[in-house]
Amino acid sequence: RTGLDERDVGAKLDYRIINFGDSPAARAIQAYEQTIFRFIGAQDQVFYYGAKARAIQSQAIAQAMNKKLRGGAAKRFIDDLVANPTDDILKNAADDAETAVFQHITALGRLGGKIQRLGGGAGEVVVPFAKTPAAVAMQILNYSPVGIVAGLGKAILHYKDLAKVQRQVAHALGRGVTGTAVLAYRDWE
């Protein structure tokens, strides 16, 4: 709506601004390149902000359930929390939204970034895109039995923070069971 975005979409696309020069041909190439980037970058905005809103709403519902609120009291609590989310809710929602559009940071993505920075640009030839493919690969693992085990392991590490444990277990089981069920169904056919 404002033309400004809090996100760095260029990070997802491994995008860096390159100055092609001041000649008319260079400006034309730069305009073409930036137009393509803006078009590609704008495509996941709807999904990002939709996932973020959904995550805020679901966290507010979970908190109302944890407080055992019902009826009008629950609705008022949820509406107030959605209108004025806490910093933790916003952080969790941003993490969920980044995961939804494959922009979250992963260990595999960090490794790819290190390879890209190898001497003289040779790393970028070997690994031209690191962050998004790594995020996709990690989601494939998350939607497998491996994801269930890893998610439960993370939950055990955060055992003192009940809300974090609930989120970790719910995400691990939801993703792992869904992906495993799809794979099992495919094998039965």
Side-chain angles (χ1 to χ4, degrees), residues 6-9 11-14 44 47-71 73-117 127 129-188:
E6 66 196 39
R7 301 170 50 218
D8 179 13
V9 178
K12 174 183 177 179
L13 303 173
D14 292 330
D44 73 351
F47 298 105
Y48 176 87
Y49 287 108
K52 189 173 182 180
R54 184 185 68 242
I56 291 170
Q57 182 78 22
S58 69
Q59 289 178 80
I61 291 169
Q63 285 192 22
M65 291 171 69
N66 286 342
K67 292 179 183 269
K68 299 185 182 358
L69 297 175
R70 301 251 188 259
K75 183 173 177 2
R76 283 188 299 279
F77 177 82
I78 292 166
D79 290 344
D80 183 51
L81 201 51
V82 168
N84 304 301
T86 64
D87 290 341
D88 282 342
I89 288 176
L90 289 174
K91 182 189 176 307
N92 289 335
D95 289 345
D96 286 353
E98 286 176 356
T99 300
V101 296
F102 305 114
Q103 194 177 0
H104 59 290
I105 296 169
T106 64
L108 188 58
R110 284 192 292 273
L111 175 64
K114 287 179 182 176
I115 292 170
Q116 283 180 327
R117 290 187 291 277
V127 181
F129 305 103
K131 190 173 187 177
T132 302
V136 171
M138 290 309 297
Q139 281 303 90
I140 290 170
L141 286 176
N142 287 340
Y143 279 84
S144 73
V146 172
I148 295 173
V149 174
L152 293 176
K154 286 181 187 175
I156 290 169
L157 293 175
H158 298 109
Y159 71 94
K160 292 181 182 178
D161 185 354
L162 179 61
K164 198 165 210 162
V165 168
Q166 286 177 323
R167 282 181 52 78
Q168 289 288 342
V169 170
H171 283 166
L173 291 176
R175 291 175 180 155
V177 169
T178 299
T180 303
V182 168
L183 288 174
Y185 176 76
R186 187 187 67 83
D187 286 342
W188 286 341

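Small disclaimer: the values here were computed from a predicted structure and weren't measured.
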Rounded distance (nearest 0.5 Å) linking atom [atom1] of [X] with atom [atom2] of [Y]:
X: R110; Y: I115; atom1: CZ; atom2: CD1; result: 13.5 Å
X: Q116; Y: L111; atom1: CD; atom2: CG; result: 10.5 Å
X: I56; Y: T86; atom1: CD1; atom2: OG1; result: 9.5 Å
X: L69; Y: Q63; atom1: CG; atom2: CD; result: 10.5 Å
X: L173; Y: T178; atom1: CG; atom2: OG1; result: 10.0 Å
X: N92; Y: H171; atom1: CG; atom2: NE2; result: 8.5 Å

Point to revise | Test item: side-chain donor near acceptor, D44 and Q103, under 3.5 Å | key: no
On a heavy-atom basis, which atom in [X] and which in [Y] lie closest, and how many Å separate them?
X: A134; Y: G109; result: CB-N, 3.3 Å
X: A172; Y: G151; result: CB-CA, 3.5 Å
X: I78; Y: A64; result: CG1-CB, 3.8 Å
X: Q59; Y: I89; result: NE2-O, 3.2 Å
X: F77; Y: A60; result: CE2-O, 4.0 Å
X: V127; Y: G112; result: CG1-O, 4.1 Å

Review point. When you measure from the side chain of K52 to the backbone N and O of D96, does any donor-acceptor pair fall under 3.5 Å?
Key: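 Judged by distance alone, no pair lies under 3.5 Å.
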Point to revise | S58 side chain to A55 backbone, donor-acceptor under 3.5 Å | key: yes
Review point. In chain order, what residues pass the side-chain hydrogen bond (donor to acceptor under 3.5 Å, both in side chains) check against Q139, with sequence neighbours excluded?
Key: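 Partners of Q139 under the side-chain hydrogen bond (donor to acceptor under 3.5 Å, both in side chains) test: N142.
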Check your understanding: Should the heavy atoms of other residues, nucleotides or ligands under 6.0 Å from CG of L141 be counted, would the total exceed 12?
Key -> yes
Exercise for review: Determine, step by step, whether L157 and Q168 satisfy the side chain to side chain contact (heavy atoms under 4.5 Å, CB included) criterion, reporting the C-alpha distance in whole Å, the side-chain angles of both residues, the deciding distance to 0.1 Å, and the verdict.
Suggested key: CA-CA 10 Å; L157 293 175; Q168 289 288 342; over 6 Å; no
**Study point:** All side chain to side chain contact (heavy atoms under 4.5 Å, CB included) counterparts of F47, not counting sequence neighbours
**Key:**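 F47 satisfies side chain to side chain contact (heavy atoms under 4.5 Å, CB included) with V101 once adjacent residues are dropped.
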Point to revise | D79/K75 salt bridge by N-O under 4.0 Å criterion | key: yes
Exercise for review: Considering only NZ, NE, NH1 and NH2 on the basic side and carboxylate oxygens on the acidic side, decide whether K91 and D95 come within less than 4.0 Å.
Suggested key: yes
